[in-house]
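Source: prediction; values computed, not measured.
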Amino acid sequence: NNGDAAASAFTTYLIVDGWGTAAGRLSGLSPGSTYTWYAENVFVSTTGSHWLKAIADYFNEVAEANKDTGSGTGTGETNNERVEYFSVQTASWTVLVYFDADNNLESYEIDDFNQIAQVGSTQSISIAVQMDRISGSDTDTRYGDWTDCKRFYMKRGVTPDPQNAIQSLGEVNMGDPAVLFNFTIWGVNRYQAAHYLIAINDHGGSWVGCCWDDTSADHLDISDISNAFSTIYSRLGRKVDVVWFDACMGCLMSSIEIAY
């Protein structure tokens with residue numbers, strides 16, 4: 001709000017390629033203050049040229065000073081919308097990291113998140129993370145100590161603070177193969193690339209499986225992992241290029257039982 005008076009309630013509207021995609025309602029805005037609105041679940045994955053328009057006061061609810069005289073109530077709200085043009089290109093790789101931190105590895109998973117953020121996504125590599133954390137007084141309390149499951153797009157320098165998440169899923173069972181399937185399909189559809197790598201990060205126990213979710217008292221056993229990737233193949237019509245088990249005792253996840 002660049003004016004000298006508080007703005008009343010107004011609606012912000014987002015249009016992408018001519019289609020209205022999202023609307024947000026703000027109860028008011030004091031002078032000199034700003035408002036950041038994140039349109040969750042709005043993304044563009046189709047390659048090529050696109051445009052978007054953001055309109056701050058879509059219904060012209062806020063009375064503004066006359067743009068010509070500087071006083072009174074004006075009509076033309078010329079500073080309330082902006083158009084941006086952009087293009088989407090297919091990345092060479094998309095890396096999808098499945099962080100099951102709903103156990104005693106929470107601190108290590110957060111450290112791994114921060115290591116990825118030191119590099120972040122590039123023009124040729126898209127990195128997205130799904131992280132589920134655990135509750136309890138003896139757990140890692142960094143970054144707001146949130147305890148549900150969130151998804152992040154890994155820009156360089158991003159932190160696992162809740163406000164940086166692009167989606168909040170609530171509590172999920174990371175030991176459920178359907179959750180692994182949903183994350184993979186979401187990531188492939190949203191971040192299209194020539195190749196895909198799925199990194200599964202947590203405890204590992206060879207033929208016993210991996211990804212122990214303490215809140216749900218569950219884990220991914222071998223049949224769960226096999227079924228998840230079989231279903232992913234059926235949905236996508238192709239296999240993912242690399243499945244990487246970044247698990248404790250990771251050598252066990254290289255066993256012939258897992259490969260089979």
Side-chain angles (χ1 to χ4, degrees), residues 43 45 91-134 140 142-144 146-204 209-215 219-220 224-225 228-229 231-232 236 239-250 253-254 258:
F43 65 95
S45 59
S92 297
W93 282 87
T94 286
V95 178
L96 301 174
V97 186
Y98 192 75
F99 274 130
D100 179 9
D102 197 337
N103 51 53
N104 62 351
L105 291 184
E106 182 182 32
S107 291
Y108 299 97
E109 306 276 15
I110 292 174
D111 291 342
D112 285 351
F113 183 109
N114 290 333
Q115 288 181 338
I116 295 172
Q118 291 178 13
V119 179
S121 300
T122 67
Q123 206 168 28
S124 58
I125 301 176
S126 299
I127 308 173
V129 160
Q130 176 168 308
M131 175 180 278
D132 184 26
R133 295 180 62 178
I134 191 169
D140 195 309
R142 288 178 290 172
Y143 305 107
W146 47 274
T147 60
D148 59 347
C149 185
K150 301 184 187 300
R151 289 172 175 168
F152 298 83
Y153 177 69
M154 297 301 292
K155 297 181 292 185
R156 186 174 185 178
V158 71
T159 57
D161 288 291
Q163 64 268 26
N164 292 331
I166 59 174
Q167 282 189 344
S168 295
L169 305 181
E171 179 57 39
V172 303
N173 176 10
M174 297 287 276
D176 183 348
V179 174
L180 175 59
F181 167 81
N182 289 335
F183 171 57
T184 303
I185 297 302
W186 168 85
V188 168
N189 288 335
R190 183 157 184 159
Y191 304 109
Q192 296 183 12
H195 304 285
Y196 299 95
L197 183 153
I198 313 300
I200 300 176
N201 191 304
D202 186 42
H203 287 293
C210 64
C211 292
W212 272 260
D213 187 305
D214 286 2
T215 299
H219 74 282
L220 294 172
D224 290 334
I225 297 168
F229 283 103
T231 310
I232 289 167
L236 298 178
K239 295 181 179 180
V240 297
D241 297 272
V242 179
V243 178
W244 174 30
F245 290 98
D246 184 13
C248 65
M249 301 183 70
M253 299 309 293
S254 300
I258 296 298

> Can you name the closest pair of heavy atoms from D148 and S168 and give their distance?
OD2-CB, 4.4 Å
> So do M174 and V172 actually touch side chain to side chain, heavy atoms under 4.5 Å?
yes
> Quick one: does Y191's side chain get under 4.5 Å of W186's, heavy atoms only?
yes
> If we check side chain to side chain donor-acceptor pair (under 3.5 Å) with N103, which of these qualifies: D202, D132, T215?
D202
> Begin from the C-alpha positions of R142 and D111 and carry the test side-chain contact (heavy atoms from CB on, under 4.5 Å) through to its verdict.
CA-CA 11 Å; R142 288 178 290 172; D111 291 342; 3.2 Å; yes
> Please indicate whether R156 has more than 12 foreign heavy atoms, meaning atoms of other residues, nucleotides or ligands, lying under 6.0 Å from its CZ.
no
> Taking the side chain as everything from C-beta on, heavy atoms only, tell me whether S92 gets closer than 4.5 Å to I125.
no
> Might you point out which heavy atoms bring S124 and A91 nearest each other, and give the distance in Å?
O-CB, 3.5 Å
> What distance do Q192 atom CD and S126 atom OG have between them, rounded to the nearest 0.5 Å?
10.5 Å
> Side chains of T159 and N164: donor-acceptor distance under 3.5 Å anywhere?
yes
> Compare all side-chain heavy atoms of F181 with those of I185 and state whether any distance is below 4.5 angstrom.
yes
> Measuring only between side-chain heavy atoms, which start at C-beta, is I225 closer than 4.5 Å to C210?
yes
> Look up atom CG in L96 and atom CD1 in I198, then write down how far apart they are to the nearest 0.5 Å.
4.0 Å
> Relative to each other, are the rings of F183 and Y98 parallel, tilted or perpendicular (30° and 60° limits)?
tilted
> Taking the six-membered ring for Trp, are W212 and H203 parallel (under 30°), tilted (30 to 60°) or perpendicular (over 60°)?
perpendicular
> Nearest 0.5 Å, what's the CD1-CG distance between I116 and N201?
7.5 Å
> Quick one: OG1 on T94 to NE2 on H195, what's the gap to the nearest 0.5 Å?
11.0 Å
> Between atom CD of E171 and atom CD1 of I134, what is the distance when rounded to the nearest 0.5 Å?
9.0 Å
> What do you reckon, is CD of Q163 surrounded by more than 12 foreign heavy atoms closer than 6.0 Å?
yes
> When you compare the side chain of D140 with that of E109, does any pair of heavy atoms fall below 4.5 Å?
no
> Between L180 and I200, is a side-chain contact (heavy atoms from CB on, under 4.5 Å) present by the stated rule, with each step listed?
CA-CA 9 Å; L180 175 59; I200 300 176; 4.2 Å; yes
> For R133 and F99: C-alpha separation, side-chain torsions, deciding distance, then whether side-chain contact (heavy atoms from CB on, under 4.5 Å) applies.
CA-CA 9 Å; R133 295 180 62 178; F99 274 130; over 6 Å; no
> Are the side chains of T184 and Y196 in contact, using a 4.5 Å heavy-atom criterion?
no
> Should V97 and F113 be marked as a side-chain contact (heavy atoms from CB on, under 4.5 Å) after you check the CA-CA gap, both sets of side-chain angles, and the distance that decides it?
CA-CA 9 Å; V97 186; F113 183 109; over 6 Å; no
> Taking the side chain as every heavy atom from C-beta outward, state whether V179 and Q130 have any atom pair closer than 4.5 Å.
yes
> What are the two closest non-hydrogen atoms of N114 and P160, and how far apart are they?
OD1-CD, 3.5 Å
> To the nearest 0.5 Å, what is the distance between CZ (R151) and CZ (R190)?
9.0 Å
> Let me see the working for H219 and D100 under side-chain hydrogen bond (donor to acceptor under 3.5 Å, both in side chains), right down to the final yes or no.
CA-CA 10 Å; H219 74 282; D100 179 9; over 6 Å; no
